[in-house]
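First up is the structure itself, then whatever we jot down about it.
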Amino acid sequence: MAQETQTPRLRFAPSPTGHLHIGGARTALFNWLYARQNKGTFVLRIEDTDRERSTDEYVHSIMAGMEWLQLDWNEGPLHQIDRMDLYKSYVEKLLNEGKAYKCFCTAEEIDVRKKAMLASGQKPKYDGLCRNANQNQQKPFCIRFISKPEGTTIVHDLIKGDVSFENAEMDDLVIQRTDGTPTYNFCVVIDDALMRITHIIRGDDHLNNTPRQILLYEAMGFTPAKFGHLPMILGSDKTRLSKRHGATSVLAYREMGFLPDALINFLARIGWSFGDQEIFSREELIEKFSFENVGTSGGVFNQEKLLWLNAHYLKNLDDKTLQVMVTPFLEKDGFRISPEIPMDKAIHLSKERSRTLLELSEALKFYLHQSVTIDPALKEKFLTPLAIELLRELSHQIETHSDFSETSLKAKIDEWITGKGLKLKDVAQPLRVALTGSTVSPGIFELMAVLGKEKVIQRLKAVS
RNA sequence: GCUCCCAUCGUCUAGCGGCCUAGGACGUCGCCCUCUCACGGCGAAGACCGCGGGUUCGAAUCCCGCUGGGAGCGCCA
């Protein structure tokens with residue numbers, strides 16, 4: 001048979017029992033990167049053999065997460081549930097070849113025996129009782145794969161190097177449940193083999209499963225793929241990242257106003273590095289990725305760094321694009337983009353002061369308000385009788401000033417301030433509070449130019 | 001308990017035997033810029049390279065042991 005498996009085929013195989021989470025997204029990313037780098041194929045396969053916990057909602061959510069991250073796939077989504085007959089044919093094959101057997105033990109019986117093993121210091125595993133049992137009993141049964149009693153199985157891992165396991169460590173794996181459905185370790189092997197997957201890149205929580213999968217490959221006459229096990233992403237307490245550590249769903253990061261490129265960049269840098277470089281475009285990632293530079297130890301998910309990266313990508317986006325991206329955040333809070341305010345200019349002023357789209361939307365709200373509400377404490381501190389007097393005077397000065405551009409405004413106000421023997425410092429904060437309701441905002445002249453004469457005068461009158 | 005994986009600043013990491021009195025980035029703290037806040041610029045603190053043995057002229061880098069952490073040990077994936 002011709003060996004024409006030169007272009008790699010990779011896959012991401014989530015189970016739809018939850019949303020696409022951070023760890024899964026990184027696994028998908030690394031598979032995707034390698035596939036794209038080598039002009040290979042990236043397959044999305046849904047591992048939904050657990051009918052109890054799998055839902056369509058999660059399938060859609062996972063796909064939405066990948067689409068948002070722009071991790072596009074070439075084949076799929078393929079559902080394992082559609083391939084049940086296929087798996088069963090292989091169960092039959094193994095049964096006929098004497099490589100598997102029916103097991104009539106109940107869960108309770110096994111549980112008792114395993115507990116006893118654990119108590120005596122042994123690794124709890126199925127004791128193989130039914131291997132020699134009468135196979136024609138009229139009782140419910142599951143089907144087990146006969147493990148090898150001796151020898152060593154070596155996993156040639158692309159990331160961890162060679163890892164060897166004693167075959168005696170492995171027990172007789174259930175490949176078909178009592179209800180007749182095949183199990184994960186069995187289905188993956190068949191799917192990966194039949195879909196001609198060349199590289200299986202997944203979390204290292206699967207490393208212990210790999211030797212038994214290799215044995216399954218061999219038993220069914222398949223050639224094992226290459227494996228690569230990624231270290232886990234950890235929470236701040238260095239345990240495997242979970243809900244306990246806060247948001248883990250990729251889509252939740254979209255809602256928090258993160259940019260897909262930032263998240264991709266961040267995810268890539270947990271576990272993978274390229275010298276001292278921190279910022280990578282997708283193209284660079286595809287070009288520079290290699291298993292060789294994937295680390296072997298787990299990495300903590302550091303949201304502060306994600307925030308920094310997000311800020312970086314945010315300020316490098318053009319204003320019009322950002323406007324499209326931030327609008328949903330504004331609308332969600334009941335704001336309507338008004339043509340009176342040049343939003344792109346407002347965004348230009350705030351984008352380097354915001355780390356997320358959410359923060360950006362917050363920074364834009366004051367432009368859109370009908371009137372400014374000022375916190376009493378701020379009012380007391382900044383809008384003193386003296387300040388109000390100044391603002392009133394300033395209001396008159398501006399009313400007759402027609403050119404509301406930033407430079408013209410600055411010239412006009414500077415002149416007025418200097419004429420009064422004051423410093424900009426003396427009026428900037430009261431003015432800022434009156435116009436924005438906050439002590440924090442973009443530069444006062446830029447902001448006034450964006451806000452427009454009418455609103456500026458209106459807001460000044462409201463406080464004086 | 002058993003099996004497997006892992007171990008450099010608080011965090012992500014560079015380092016693949018001499019270039020390391022250990023480099024970069026995030027965060028932190030100063031200073032500069034300045035109308036506030038950011039951005040930006042400059043600078044500082046921060047790792048006896050988990051511990052102990054080897055190998056070697058020489059080890060963060062190789063080997064062994066220990067300790068610590070993680071994962072697995074499901075008729076979940």
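Owing to the predicted nature of the structure, the values given are computational and were not obtained by experimental measurement. To find a chain, count down the sequence lines: A is the first, B the second, and so on, and within it residues start at 1.
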Checklist entry - Are the charged groups of A:D192 and A:R45 less than 4.0 angstrom apart, N to O? => result yes
Item to check | Spacing of A:N209 atom CG relative to B:rG72 atom C1', expressed in whole Å | outcome: 7 Å
Checklist entry - For A:T49, which contact category applies under a 4.0 Å heavy-atom criterion: base, sugar-phosphate, or nothing? => result sugar-phosphate
Checklist entry - B:rA77 base to A:D205 side chain: any donor-acceptor pair below 3.5 Å? => result no
Next on the checklist: Heavy atoms only, 4.0 Å cut-off, all strands: where does A:P442 land among base, sugar-phosphate and nothing?
Outcome noted: base
Next on the checklist: Categorize A:L424 for me: base, sugar-phosphate, or nothing, with a 4.0 angstrom heavy-atom threshold over every strand shown.
Outcome noted: base
Checklist entry - Now, which nucleotide makes the Watson-Crick or G-U wobble pair with B:rA22, with each of the two distances under 3.5 Å? => result none
Next on the checklist: Is the distance between the ring centroids of A:W272 and A:F280 under 6.0 Å?
Outcome noted: yes
Checklist outcome for this item: Partner of B:rC16 under the Watson-Crick or G-U wobble criteria, both distances under 3.5 Å, comes out as none
Next on the checklist: Does this structure show an ion pair linking A:E446 with A:K345, if we count only N-O contacts that are shorter than 4.0 Å?
Outcome noted: no
Checklist entry - Given atom CG of A:N185 and atom P of B:rC73, what is their separation to the nearest angstrom? => result 9 Å
Next on the checklist: Classify A:E446 by what it touches in the nucleic acid, base, sugar-phosphate, or nothing, heavy-atom distance under 4.0 Å.
Outcome noted: base
Checklist entry - From B:rA77, B:rC12, B:rC75, pick the nucleotide closest to the side chain of A:V300? => result B:rC12
Checklist entry - To the nearest angstrom, how far is A:Q429 atom CD from B:rC35 atom C1'? => result 7 Å
Item to check | Pairwise P distance, B:rU67 and B:rC51 [rounded to whole Å] | outcome: 16 Å
Checklist entry - If pairing requires Watson-Crick or G-U wobble contacts with both distances under 3.5 Å, which nucleotide is the partner of B:rA44? => result B:rU28
Item to check | Donor-acceptor pair present, A:R353 side chain and B:rC39 base, under 3.5 Å | outcome: no
Next on the checklist: Determine whether the aromatic ring centres of residues A:F301 and A:F266 are separated by less than 6.0 angstrom.
Outcome noted: yes
Checklist outcome for this item: In Watson-Crick or G-U wobble terms, with both distances under 3.5 Å, the base opposite B:rG50 is B:rC66
Next on the checklist: Under 3.5 Å for both donor-acceptor distances, Watson-Crick or wobble: does B:rC39 have a partner, and if so which one?
Outcome noted: none
Next on the checklist: Please pick, from B:rC75, B:rC26, B:rU11, the nucleotide with the shortest atom-to-atom distance to any side-chain atom of A:K305.
Outcome noted: B:rC26
Next on the checklist: Side chain of A:K160, heavy atoms from C-beta onward: which of B:rA38, B:rC6, B:rA77 has the nearest atom to it?
Outcome noted: B:rC6
Checklist outcome for this item: Rounded to whole Å, the CG-P distance (A:L307 to B:rG27) equals 9 Å
Checklist entry - Counting side-chain heavy atoms from C-beta on, which of B:rG1, B:rA77, B:rA25 comes nearest to A:E278? => result B:rA25
Checklist entry - Expressed in angstrom and rounded to an integer, what is the separation of A:R355 atom CZ from B:rA38 atom P? => result 10 Å
Item to check | P gap between B:rU11 and B:rU28, integer Å | outcome: 16 Å
Item to check | Atom C1', compared across B:rA14 and B:rA25: separation rounded to whole Å | outcome: 10 Å
Next on the checklist: So, does A:K315 get its side chain near the phosphate of B:rG40, meaning an N or O under 4.0 Å from OP1 or OP2?
Outcome noted: yes
Checklist entry - Does a nitrogen or oxygen in the side chain of A:K125 sit under 4.0 Å from OP1 or OP2 of B:rU3? => result no
Item to check | OP1 or OP2 of B:rU11 under 4.0 Å from side-chain N/O of A:S236 | outcome: no
Checklist outcome for this item: From the candidates B:rC12, B:rC26, B:rA71, the one with an atom nearest any side-chain atom of A:R269 is B:rC12
Checklist entry - Can you check whether A:T239 has a side-chain N or O nearer than 4.0 Å to OP1 or OP2 of B:rG69? => result no
Checklist entry - A:L394 CG to B:rC35 P: how many Å, rounded? => result 16 Å
Checklist entry - Hey, which of these two, A:D48 or A:E292, hits RNA chain B nearer its 5' end, going by closest nucleotide? => result A:E292
Checklist entry - What is the nucleic acid contact for A:R240, judged by heavy atoms within less than 4.0 Å: base, sugar-phosphate only, or nothing? => result sugar-phosphate
Checklist entry - Parallel, tilted or perpendicular: which fits the ring planes of A:F291 and A:H199, with parallel below 30° and perpendicular above 60°? => result parallel
Checklist outcome for this item: Side-chain contact check for A:N302: nearest option of B:rA77, B:rG10, B:rC75 is B:rG10
Next on the checklist: Heavy atoms only, 4.0 Å cut-off, all strands: where does A:F301 land among base, sugar-phosphate and nothing?
Outcome noted: nothing
Checklist entry - If you look at every strand shown and take non-hydrogen atoms under 4.0 Å, does A:S354 touch a base, only sugar-phosphate, or nothing? => result nothing
Checklist entry - At under 4.0 Å between heavy atoms, what does A:T296 touch on the DNA or RNA strands: base, sugar-phosphate, or nothing? => result sugar-phosphate
Checklist entry - Salt-bridged, A:R212 to A:D171, with N to O below 4.0 Å? => result yes
Checklist entry - Do A:S297 and B:rC6 share a donor-acceptor pair, side chain to base, under 3.5 Å? => result no
Checklist entry - A:G299 near the nucleic acid: base, sugar-phosphate alone, or nothing, with a heavy-atom cut-off under 4.0 Å? => result sugar-phosphate
Checklist entry - Rounded to whole angstroms, how far apart are CE on A:M232 and P on B:rA71? => result 9 Å
Checklist entry - Hey, are A:E359 and A:R353 close enough for a salt bridge, meaning a charged N less than 4.0 Å from a carboxylate O? => result no
Checklist entry - Of the candidate nucleotides B:rU13, B:rA38, B:rA77, which contains the atom at the shortest distance from the side chain of A:T183? => result B:rA77
Item to check | Test ring-ring contact (aromatic ring centres under 6.0 Å, His included) applied to A:F30 and A:F289, step by step | outcome: CA-CA 8 Å; A:F30 284 19; A:F289 179 77; 5.2 Å; yes
Next on the checklist: Under 4.0 Å, heavy atoms only, any strand: does A:I444 hit a base, just the sugar-phosphate, or nothing?
Outcome noted: base
Checklist entry - For atom C1', what is the distance between B:rA47 and B:rA60, given to the nearest Å? => result 11 Å
Next on the checklist: Both A:Q80 and A:V440 contact RNA chain B. Taking the nearest nucleotide for each, which residue is further toward the 5' end?
Outcome noted: A:V440
Next on the checklist: Both distances below 3.5 Å, Watson-Crick or wobble geometry, any strand: find the nucleotide opposite B:rA60.
Outcome noted: none
Next on the checklist: Measuring to OP1 and OP2 of B:rA14, would you say a side-chain N or O of A:S273 lies under 4.0 angstrom away?
Outcome noted: yes
Item to check | Nearest-neighbour nucleotide for the A:K114 side chain, B:rC75, B:rG74, B:rA77 considered | outcome: B:rG74
Checklist entry - So what does A:H206 hit on the nucleic acid, given a heavy-atom distance under 4.0 Å: a base, only sugar-phosphate, or nothing? => result base
Checklist entry - For the pair made of CG in A:L263 and C1' in B:rC26, what is the distance, rounded to whole Å? => result 16 Å
Checklist entry - Using a cut-off of 4.0 Å on non-hydrogen atoms, how would the nucleic acid contact of A:G271 be classed: base, sugar-phosphate, or nothing? => result sugar-phosphate
Checklist entry - Which nucleotide in the set B:rG1, B:rU3, B:rC26 lies at the smallest distance from any side-chain heavy atom of A:E304? => result B:rC26
Checklist entry - For atom C1', what is the distance between B:rG46 and B:rG27, given to the nearest Å? => result 11 Å
Checklist entry - Which of these nucleotides, B:rG23, B:rG1, B:rA77, is closest to any side-chain atom of A:D276? => result B:rG23
Checklist outcome for this item: When both distances are under 3.5 Å in a Watson-Crick or G-U wobble arrangement, the nucleotide paired with B:rC2 is B:rG72
Item to check | Side-chain (A:D344) to main-chain (A:D319) donor-acceptor, under 3.5 angstrom | outcome: no
Checklist entry - Would you call the rings of A:F227 and A:Y217 parallel, tilted or perpendicular, where under 30° means parallel and over 60° means perpendicular? => result perpendicular
Next on the checklist: Measuring only the P atom in each nucleotide, how far is B:rG24 from B:rG15? A whole number of Å is fine.
Outcome noted: 15 Å
